[in-house]
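Order of listing sets the numbers, starting from 1, for every ligand and every atom in it. Heavy atoms only: backbone and side chains are in, while hydrogens, waters and symmetry mates are out. We're numbering straight along the sequence, starting at 1.
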Amino acid sequence: MGCIQADYSGKPVIAVINTWSDINPCHAHLRARAEDVKRGIWQAGGFPIEMPAFTLGETFQKPTTMLYRNLLAMETEELLRSYPADGCVLMGGCDKTTPALLMGAISANLPAIYIPAGPMLRGNWRGEILGSGSDVMKYWAERRAGNIDQQAWVQIEDGIARSAGTCMTMGTASTMTSLTEVLGFSLPGASSIPAVDSNHPKMANRSGRRIVEMVWEDLKPRDLLREASFNNAIAAVFGLGGSTNAVIHLIAMAGRAGIRIALDRFDQFSRTTPLLANLRPSGKYLMEDFYYAGGLPALLRAMAPHLDLTCRTVTGKTLGDDVTAAEIYNPDVIRSLDNPVLPSGGLAILRGNLAPAGAVIKASAADPRLLKHSGRAIVIDSYNEMNARIDDPALDVNAGSVLVLRNAGPKGAPGMPEWGNLPIPQKLLKAGVRDMVRISDARMSGTNYGSCVLHVSPESFVGGPLALLHEGDIVDLDVSARQLNMRVPDEELARRRAAWRPPQGIYPRGYGKLFMDHIKQADEGCDFDFLEGAAPIPEPEIH
Ligand code: FES
């Protein structure tokens, strides 16, 4: 390694777990950023060791990064256990990377600090501001409707991702990096800094310095995490207008700290927490605007009555100490409690004979007219079938129909891909329809919007009632009553259940087989059953 004894002797060894890769544009700057981290570690008297880890690149990984979240969590935990690390810096940001790194670090329970990759710059097209994901879906619908041509589409593609960094809407990436900061794992304000702003390497440097101090202080993840930390994170999901994916990830992360979060807790917080961040897809602005407006510390200070500010953070102080000096510089981007974007109800947990263990809808991103709706089900069994049928002129569909996709859950797809915002049929797009009720056991990108009921549990692949729905059945959605039902008598459902045969899994061996044998359902966080809990694992012996 070329190190002399003075480089490392008596110094904390800091593992810099870096998910940089050529294949992951959201992390394109993390290779260079690791050097800023190391500079901080050296300066504070530590010994940095960079450890590359599996990158979960949302844009290219198939069938979905969610299939591999738990694999990166396992890799992180075992890197920290099997090599002589005293503490770690976790570098990631693209959607699943954040919960995966955190889950591994919580299980390893070594001092840990998180460096969020940071959002990319605002997109731009013909003078219009473009937001990741949200505007892809919006303009793709216009393209399919024939309202914009191929040249315009290519220009949109060229203008929407202008720099390294994660999606700059309040999608899953910014939701999860923000929640990581709320949970106490990042320096105050870190998650809001754009990836290419010069304050980002400064934050990386400060994080490198701080982790060395944390090792000497023996400040470990489970010293930070308590029930109230997760309640703060859940409240922050609603204050931010965050991604539905946060529901799954927070349940899984809490599980690693031995804390159980029931799905209904999200509904309780949703009913009482106002949406203050005016960010797409629920609002108007983008992450760059959020940073200039004061960023996450300003938002947390504004929503202080909804938080427990006594929770500790990586600073060694409390969340309250960390945000006390924060100010709002643009009150339209970060609203106050007396002028929220939405007073409450950003997300709802639904139950009923279609989803006995729960389903999720992001009400703030749906057409309000569809929040109470009954319609005839169009039932689709696979992604390929969806592609084959959805634009078929002969499809018997109208704006009041309910589009249903099944076999898209944790085991069904497998990996629970972001297929939940099924495309609107082309003939309806041409007629001006832009939202319909859609139901699936899949997830949806946090950057997307629409009246999409997601995470239906138990999923159809394991015999959840979604598997028993027939085309033409009437489905009733009532978000204010938190109900999702099919109008099918119990005796008929019993007949259908008796005739149902479980589908075959597609993995005879390998990681996919492990996944199928151990993945839990969406309402339980989709962790592997053998990874949950906080039972101590002995340190490997050194011989
Ligand atoms: Fe990586 Fe959106 S694709 S954060």
Side-chain angles (χ1 to χ4, degrees), residues 18-31 33 53-69 72 90-102 114-123 129-140 156-181 186 190-197 200 237 240-246 248-249 279-282 286-288 290-291 296 362 365 415-421 443-449:
N18 193 353
T19 54
W20 170 87
S21 166
D22 270 335
I23 197 71
N24 192 340
C26 311
H27 297 182
H29 55 309
L30 292 189
R31 188 182 221 180
R33 204 62 87 241
F54 192 12
T55 206
L56 305 182
E58 204 65 29
T59 36
F60 293 113
Q61 196 158 27
K62 49 185 181 171
T64 164
T65 51
M66 189 62 186
L67 188 70
Y68 297 106
R69 183 198 67 181
L72 176 57
L90 309 166
M91 301 184 69
C94 190
D95 294 23
K96 316 304 176 292
T97 325
T98 302
L101 290 168
L102 262 288
Y114 192 78
I115 302 227
M120 63 177 86
L121 298 177
R122 292 186 202 101
I129 303 287
L130 295 180
S132 314
S134 311
D135 282 314
V136 175
M137 299 313 294
K138 178 176 149 190
Y139 287 107
W140 182 236
I156 289 170
E157 196 174 66
D158 287 343
I160 202 163
R162 293 176 45 230
S163 75
T166 51
C167 292
M168 74 321 231
T169 40
M170 185 44 71
T172 304
S174 291
T175 301
M176 293 314 301
T177 54
S178 298
L179 300 188
T180 296
E181 188 176 322
S186 294
S191 61
S192 311
I193 307 171
V196 294
D197 190 299
H200 198 272
V237 172
L240 290 161
S243 163
T244 46
N245 286 314
I248 293 174
H249 298 320
L279 301 174
R280 298 185 204 182
S282 298
L286 296 173
M287 286 302 290
E288 198 178 335
F290 187 58
Y291 176 58
L296 189 68
K362 189 171 184 177
M416 207 182 175
E418 295 181 338
W419 296 343
N421 61 324
R443 296 175 302 113
M444 175 173 87
S445 165
T447 62
N448 282 342
Y449 53 89

Quiz prompt | Contact atoms of ligand 1, heavy-atom distance to Asp95 under 4.0 Å | solution = 2 (Fe), 4 (S)
Exercise. For atom 2 (Fe) of ligand 1, grab the closest protein heavy atom and report residue, atom and distance to one decimal in Å.
Key: Cys167 SG, 2.2 Å
Quiz prompt | Element-labelled atoms of ligand 1 that are located less than 4.0 Å from some non-hydrogen atom of Ala173 | solution = 4 (S)
Practice problem: Could you list the atoms of ligand 1 found under 4.0 angstrom from a heavy atom of Cys26? | Solution: 1 (Fe), 3 (S), 4 (S)
Self-check item: Closest heavy-atom pair and its distance - Thr97, Thr19
Solution: CG2-OG1, 3.5 Å
Quiz item: Between Asn448, Asp95, Thr64, which is the residue that forms a side chain to side chain contact (heavy atoms under 4.5 Å, CB included) with Glu418?
Solution: Asp95
Quiz item: Between the side chain of Ser132 and the main-chain N/O of Met168, is any donor-acceptor distance below 3.5 Å?
Solution: yes
Quiz prompt | Atom CZ of Arg31 with >12 non-hydrogen neighbours under 6.0 angstrom | solution = no
Practice problem: Tell me which one of Glu58, His27, Gln61 gets a heavy atom nearest to atom 3 (S) of ligand 1. | Solution: Glu58
Exercise. Identify, by atom number and element, the atoms of ligand 1 in contact range of Thr166, meaning under 4.0 Å from any of its heavy atoms.
Key: 4 (S)
Quiz item: Is it true that the side chains of Arg443 and Thr172 contain a donor and an acceptor less than 3.5 Å apart?
Solution: no
Quiz item: Of all heavy-atom pairs between Phe54 and Leu72, which one has the smallest distance, and what is that distance?
Solution: O-CD1, 3.5 Å
Exercise. Number the atoms of ligand 1 from 1 as they appear, then name those within less than 4.0 Å of a heavy atom of Cys94, with their elements.
Key: 1 (Fe), 3 (S), 4 (S)
